[in-house]
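Labels below follow one simple rule: chain letters A, B, ... track the order of the sequence lines, proteins then strands, and each chain is numbered from 1. None of the values given here were measured: they were computed from a predicted structure.
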2 protein chains.
Amino acid sequence: MNSPKRTTIYDVAREAGVAASTVSRALRNPRRVNAATREHVLGVAERLGYRPSPLATALQSGRTATVAMLVPDITNPHFFGTVRGAERRASAAGITFILSDTEESADTERTKIEHLARSVDGFVLASSRMSDESVWELAEEHNLVLVNREVRGLPSAVVDSRAGSRQIVEHLASLGHRTLVYLSGPHQSWLAGERWQGLLDGARNLGMRATRLGPFPPRVVGGGAAADAALVTGATAVVAHNDLLAIGVLRRLAERSVKVPERISVVGYDDIFGADFCVPALTTLAGPQDEAGRSAVELLLENRSRSTARTPDRRVMLPSHLVIRGSTGQAPR
Amino acid sequence: MNSPKRTTIYDVAREAGVAASTVSRALRNPRRVNAATREHVLGVAERLGYRPSPLATALQSGRTATVAMLVPDITNPHFFGTVRGAERRASAAGITFILSDTEESADTERTKIEHLARSVDGFVLASSRMSDESVWELAEEHNLVLVNREVRGLPSAVVDSRAGSRQIVEHLASLGHRTLVYLSGPHQSWLAGERWQGLLDGARNLGMRATRLGPFPPRVVGGGAAADAALVTGATAVVAHNDLLAIGVLRRLAERSVKVPERISVVGYDDIFGADFCVPALTTLAGPQDEAGRSAVELLLENRSRSTARTPDRRVMLPSHLVIRGSTGQAPR
DNA sequence: CGTGTCGTGGCAAGCGATTGCCAAAAGTTG
DNA sequence: CAACTTTTGGCAATCGCTTGCCACGACACG
């Protein structure tokens, strides 16, 4: 492995009979050299199979053409769409994409940022678990864009959960439900707060009663306890923090022979893979998660200007929509 | 963003009253400097919040402490486990993890490798779509480890599909099936070949008849055509290239009111998320995919020695096991 | 034909580390 | 105490590329 020597800009320069600087310019700054020279240099470069060293370029110019995305848990299907969108966008721009798992920990998040800081142009923080202050503080030093999280003055791409949550409530109300229980996600999750607020707003408007339980681990296994807890509240509808949890709930309810949706309706968030073929199929709030990832990278790219001048905080808010399936139905009477 | 100036090794050197080289040694090569000086330097470095520049280090030393993983399609749940395992392992070793999607294309694969070559210490190629020759050729120049793919003389980590496929056949035979049809995956997929061979072997041993159909796109949508094609063969059991396809088949069969497993049994591969809660739950060949990812990175790390001397080809073969669920049953008579 | 402008290309100084080589200091030995 | 070895720290080159600055020639203009 590792060829003895890769061809450098100097090899090209020598072969083409010009200075290294000219080669560099021919490559990066076309208008700075004579068209003819440029052609020639490009030809030689091609012939020699020259490939620039991203490292050297980055070291010198300060631009790494790399972005990193930090995700609390790559295992969680919730993030698949976002990761995919971000990767695609980066790749399309010829930007290297680093993916890192932060294990649901704010500390790990901070550590990784510090660690990667010099190797990337910026970070996409998906559902960051850090406090507002921490994020804000880090943003002083690093180029950050948030996904599904908002912090005063920082660029972000979020899928609207509030309006979506209100849609959920309206949907439930239209089916005759008068009470709902929200099975909350992680304590530090901004999204969980948003969702709850949206539900609360909606409930208030429609005169429904909404209660919150949890937090529960936002995974299938969390659904057991969540379902049991939900049942004792007597609510006719449960809204789970995400589809994973909702699927867990569905499973537990089936175990306990509680009919869905006859006896109780279940709603999730994210419309992950599988939400359409679990039984009953899950009513869920779908959103363009990959679009969020895409936008985030885009914002990052815009921001690459090294000016300390904060760009007018760019925020992207993406609409969500309710996908109605078999897990919601008329409230029992 | 981007603080005006990050502290460099020189800042530390000045502040500590030593030469830059000493600082470098204190950090990397402890035994090369006096313990006292070392303490002092480390203290100053700490106080100044010094963080080495991975770029500079890499440029000089040739080691980037970075690995890249190339995946045909990050969207495909099949790879989630592998990606996760690889990311975890890299992260644990303090190694930066680059993830890239090759869009099921051998060309993209090659391009990306070429592009990243200078920025990484090696590549993990998951289910590479390149020809044996291409891979072999690239391996001359780059540090490669394959996942779920074998090429003469190259290190690889694979989940055993052959033995697993035989298990599948045995299982089906024990249920009285006499014929099975394999719904094949992508043409260039090595794995598809392995699986088919395993099925064929098994069938031969047990006197069953096995036929192959396809290739089909290994996604849920591929299941429609696949199911229809399978039905006309009259086989009582279908083995789909992966769970995605199997789930698509299940769905199509349900649409056509073909009872599973009464009328026909369905088997998948991978045991992806959802395989346990689709209806009927899917019998599938499960394997430690994350283990494969983990091992691959490990092999890469071992190989980092820049010696051109090929290390004794390390291969890791991981056992798979059959998970039997509701989609397989007694053959109809 | 002198002078001012532009268009091009080269020189050389970094970017932030690592490392071979050398020399001074310290320790060892007879 | 001389001669020698070992420890320890510094100098400076190097990795491959970018870019500010300068110089040279061509061309335009009066």
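Residue-level contact check: A:Ser24 touches the bases, meaning some heavy atom is under 4.0 Å from a base atom. Counting any heavy atom pair closer than 4.0 Å across all strands shown, A:Val23 reaches no nucleic acid atom. Contact annotation for A:Ser53: backbone-only contact, meaning every heavy-atom pair under 4.0 Å involves sugar-phosphate atoms and none involves a base. When heavy atoms are screened at a 4.0 angstrom cut-off, B:Ser21 is found touching base atoms of the nucleic acid.
Taking the nucleotide of DNA chain C with the nearest heavy atom to each of A:Tyr10 and B:Pro52, the more 5' of the two is matched to A:Tyr10. The residue among B:Arg31 and B:Arg118 whose nearest nucleotide of DNA chain D lies closer to the 5′ end is B:Arg31.
The distance between atom CZ of B:Arg63 and atom C1' of C:dT19, rounded to the nearest whole Å, is 12 Å. Nucleotide D:dG10 holds its P atom 14 Å from the CZ atom of B:Arg14, rounded to whole Å. Look at CZ on B:Arg38: it is 16 Å from C1' on D:dT7, rounded to the nearest Å. If you measure from atom NE2 of A:His40 to atom P of C:dT8, you get 17 Å, rounded to the nearest angstrom. Rounded to an integer number of Å, the gap from B:Leu59 CG to C:dG14 P is 17 Å. Going from atom CG of A:Asn29 over to atom P of C:dG7 covers 14 Å, rounded to whole Å. Following rounding to the nearest Å, B:Arg6 (CZ) and C:dG16 (P) show an atom-to-atom distance of 10 Å. To the nearest angstrom, C1' of C:dT18 lies 12 Å from CG of B:Leu27.
With hydrogens and angles left out, the side-chain atoms of A:Ser21 and A:Ser24 include no donor and acceptor closer than 3.5 Å. With no hydrogens or angles considered, a side-chain donor-acceptor pair links A:Thr75 and B:Arg84 at under 3.5 Å.
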Would you check, one step at a time, whether the test side chain to side chain donor-acceptor pair (under 3.5 Å) holds for B:Thr102 with B:Arg129? CA-CA 9 Å; B:Thr102 61; B:Arg129 299 306 188 221; over 6 Å; no

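Candidate nucleotides D:dC11, C:dG9, C:dA17 were compared by shortest atom distance to the side chain of B:Arg28, and C:dA17 ranks first. With D:dT18, C:dG16, C:dT8 as the choices, the nucleotide that has an atom nearest any side-chain atom of A:Thr57 turns out to be D:dT18. Considering only side-chain atoms of B:Arg32, the nucleotide from D:dC17, C:dC21, C:dC11 that sits closest is C:dC21. Considering only the side chain of A:Gln60, D:dT19 comes nearest among C:dT19, D:dG9, D:dT19. Checked against D:dG16, D:dT19, D:dC11, the side chain of A:Ala56 finds its nearest nucleotide in D:dG16. Each of D:dG16, D:dG10, C:dA17 was ranked by its minimum atom distance to the side chain of B:Arg25; first place goes to D:dG10.
Put simply, the side chain of B:Thr82 never gets that close to the backbone of B:Gly293: no donor and acceptor are under 3.5 Å apart.
Dashed line: the shortest gap from a side-chain N or O of A:Thr37 to OP1 or OP2 of C:dT8 is not under 4.0 Å.
For the pair A:Glu298 and A:Arg89, the salt-bridge criterion is met [side-chain N within less than 4.0 Å of a carboxylate O].
By the 30° and 60° cut-offs, the orientation of the rings of A:Phe80 relative to B:Phe80 is tilted.
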